[in-house]
Amino acid sequence: MLREDLRNIAIIAHVDHGKTTLVDEMLKQGGAFRENQNVAERVMDSNDIERERGITILAKNTSCIYNGVKINIIDTPGHADFGGEVERVLKMVDGVVLLVDAAEGCMPQTRFVLQKAIEMEHKIIVVVNKIDRPDARLDEIGDEVLELLLDLDAGDEQIESPVLFCSGRSGTASISQYEEGTDLKPLFETVLSHIKPPEGDENAPLQMLVSCIDYNDYVGRIGIGRIERGTVKLNQQVTVGDFHESKKPFNSKIGTLSQVEGLNKTAVKEAKAGDIVWISGIESLTIGDTVCDANNYEPVMFPKISEPTVEMTFSVNDSPFAGREGKFVTTRQIRDRLFRETLRDVSLRVSETENTDSFKVAGRGEMHLSVLIENMRREGYELGVSTPRVLMREIDGVNCEPVERLAIDVPESSVGAVMEKLGPRKAELLSMNPQGSRMRMDFLIPSRGLFGYKSEFLTDTRGEGVMSSVFDSYQPFKGEIPRRNTGSLVSFENGEAITYGLYNAQERGSLFIGAGVPVYEGMIVGSSPKAEDLVVNVCKKKHLTNTRASGSDDALRLVPPKRLSLEDSLEFIADDEMLEVTPVSIRMRKRVLDNQLRAKQRSKHGV
């Protein structure tokens, strides 16, 4: 049975190719808002961090109506670190809208999400977005997408996917690149004609796969998923289990049932096969579970989510300033928060360590884990974080490490600097293609090789370079890679940074703090151009005498300090350093704070 009144689609693309902006216009033209309603830009990015960074982190479900047909739209993340979200939600849809930037073309994440869609045999609509960009390459983009489809072994029907030309910001779409559209009707019409309606017998026993989990303090866990067959009703008795039989099936009852209409959830009494619904009332519901009819238990196969590749150690903050700025500082509070996150984020792994005060947290990449840290500090948590490290894997007796496909787009004048820096990081050049005055380069590089490279890359390309990467495969260990070639300026004593002390310290390197900032022994206050660490006394005051020297008492001029963000700090810290994260501050510090003890350890190891 086909639901002709319904279509389920996901919008997939590389980060910053305009998915969320296009969804805005689809909602406006699909009647989701009143004509006089004041709507925020990128309305689907509801999370504070999403709005600040301009990226989508969580996949979100919305819907609009076109010609009497309800179109469920799922806006997916574009960043590779949140690929776990994309893999799950593709199970809820029957087709995808693949968005490709008219200037940047196919990027690593485009390849990743498209491969998942092809594996699930989804219908594809190719949308070339941002056609109003002055550097748009409309003639070449279609060929690039076709090459990518062939490269990924797409089926004949997928290779012949329709291509549309859009401007998400203007809300226009056209079938021809030579004609400018007036609205998004061509896109809506293509969705209705090309994406097949959901199939499923509404009279058969219930079968619903849970693809996402939300949490609410009032109703507990909320399962979001698509009904594969049958009908779900409020207060219905159900049996819940999973395909991989990791837990015993159990009986429960549907407490609340709702569907998304536009941007709002609407409570309903029943929903049929093909609908995407939100259910609650099932205590230990998790991603990958199947909700079945109580008398007919038959779980749905769930795709295996890719494993994490990067790990950090989260621990209780034990610095001299511990407990001053945070609300939640104990082991129990940090543990509960981390394990609660695993309920929502299927790509995250949290495990206990021998030390009761620390936990190993593994994720898809540095950004994946940094977003978790940022969320925790905004909620009032205080913790210590180690340097990121890759997760090795033994394959056929060989020690292997994760390798990423890196795409770099830089001005031609920066190519030499980029190649010079990527050489020692064990990068392997795959291709180089000129694009006007810029050069597009593709590499295979160990995940370790990317740690700490982003800030160097922006400096080398004067901020004009674009780089992005996605996990490619596990390959044999490539050898040692130097993490960084600079040292740290380390505080000599506890106290407050004084202008006189900072003035003397800035001659040794670049500072991260200004005057009046509280510091403690072992805290990192700057970077040294030399490879070894330097201990500096930023709390030093000028020795006062009763003699005034002409001109020497003029105001001391300090170079403005370099302020590091959370990601910058994670990139900077070395293996013997860690990050102190509180709701107010981000401080870098040595693991061993005592300067004399650290010096003894170095001499003991012959460093």
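Keep in mind that the numbers below use all heavy atoms, side chains included, and drop hydrogens, waters and symmetry copies. Small disclaimer: the values here were computed from a predicted structure and weren't measured.
Residues Y474 and F471 bring their aromatic ring centres within 6.0 Å.
Other residues, nucleotides and ligands place more than 12 heavy atoms under 6.0 Å from the NZ atom of K478. No more than 12 heavy atoms of other residues, nucleotides or ligands shown are found within 6.0 angstrom of CZ on F492. Atom CZ of R508 has 12 or fewer neighbouring heavy atoms from other residues, nucleotides or ligands inside a 6.0 Å radius.
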Verdict with supporting geometry, D336 and R332, salt bridge (charged side-chain N to carboxylate O under 4.0 Å, His left out) | CA-CA 6 Å; D336 290 350; R332 181 186 59 81; 3.7 Å; yes

Give the intermediate values and the outcome of salt bridge (charged side-chain N to carboxylate O under 4.0 Å, His left out) for residues E456 and R425.
-> CA-CA 13 Å; E456 279 186 42; R425 293 173 179 270; 3.2 Å; yes

Pair S315-D357, side-chain hydrogen bond (donor to acceptor under 3.5 Å, both in side chains): steps then yes or no = CA-CA 6 Å; S315 58; D357 287 344; over 6 Å; no

Please lay out, stage by stage, how V361 and L369 fare under the test side-chain contact (heavy atoms from CB on, under 4.5 Å).
-> CA-CA 8 Å; V361 183; L369 295 174; 3.8 Å; yes

Using the side-chain contact (heavy atoms from CB on, under 4.5 Å) rule, take V260 and I276 through it: C-alpha gap first, then chi angles, then the decisive distance, then the call.
-> CA-CA 8 Å; V260 170; I276 294 173; over 6 Å; no

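Using a 4.0 Å cut-off between charged side-chain N and carboxylate O, E401 and R448 make a salt bridge. A salt bridge between R335 and E352 is present, with a side-chain N of the basic residue lying under 4.0 Å from a carboxylate O of the acidic one. For the pair D533 and K590, the salt-bridge criterion is met [side-chain N within less than 4.0 Å of a carboxylate O]. Between E379 and R337 there is a salt bridge, with a side-chain nitrogen of the basic residue lying less than 4.0 Å from a carboxylate oxygen of the acidic one.
A side-chain donor-acceptor contact under 3.5 Å links T290 to the backbone of V300. No donor-acceptor pair under 3.5 Å is formed between the side chain of R226 and the backbone N or O of L209. Of the possible polar contacts, one joining the E521 side chain to the N595 backbone as a donor-acceptor pair under 3.5 Å is found. The closest donor-acceptor contact from the side chain of Q333 to the backbone of V329 lies under 3.5 Å. T309 places a side-chain N or O within donor-acceptor distance of the main-chain N or O of R364, the cut-off being under 3.5 Å. Judged purely by atom type and a 3.5 angstrom limit, R377 uses its side chain to pair as donor or acceptor with the backbone of T582. When atom types are taken as modelled, the side chain of S258 and the backbone of T266 share no donor-acceptor pair closer than 3.5 angstrom. No side-chain donor-acceptor contact under 3.5 Å links S528 to the backbone of L489. Without hydrogens or angle criteria, E366 side chain to E567 main chain gives no donor-acceptor distance under 3.5 Å. Counting only distance, with no hydrogens or angles, the side chain of N375 and the backbone of V371 share a donor-acceptor pair below 3.5 Å.
There is no side-chain donor-acceptor pair under 3.5 Å between E577 and T387. For the residue pair R405/S473, the side-chain donor-acceptor check at 3.5 Å is not satisfied. Using modelled atom types and a 3.5 Å distance limit, the side chains of T256 and S280 yield a donor-acceptor pair. For the residue pair T353/S358, the side-chain donor-acceptor check at 3.5 Å is satisfied.
Of the listed residues (E580, R589, R587), just one forms a side chain to side chain donor-acceptor pair (under 3.5 Å) with N317, and that residue is E580.
S252 is linked by a side chain to side chain donor-acceptor pair (under 3.5 Å) to nothing, counting only residues two or more places apart in sequence or in another chain.
Ring geometry, F328 versus Y381: the interplanar angle falls from 30° to 60°, so the pair is classed tilted.
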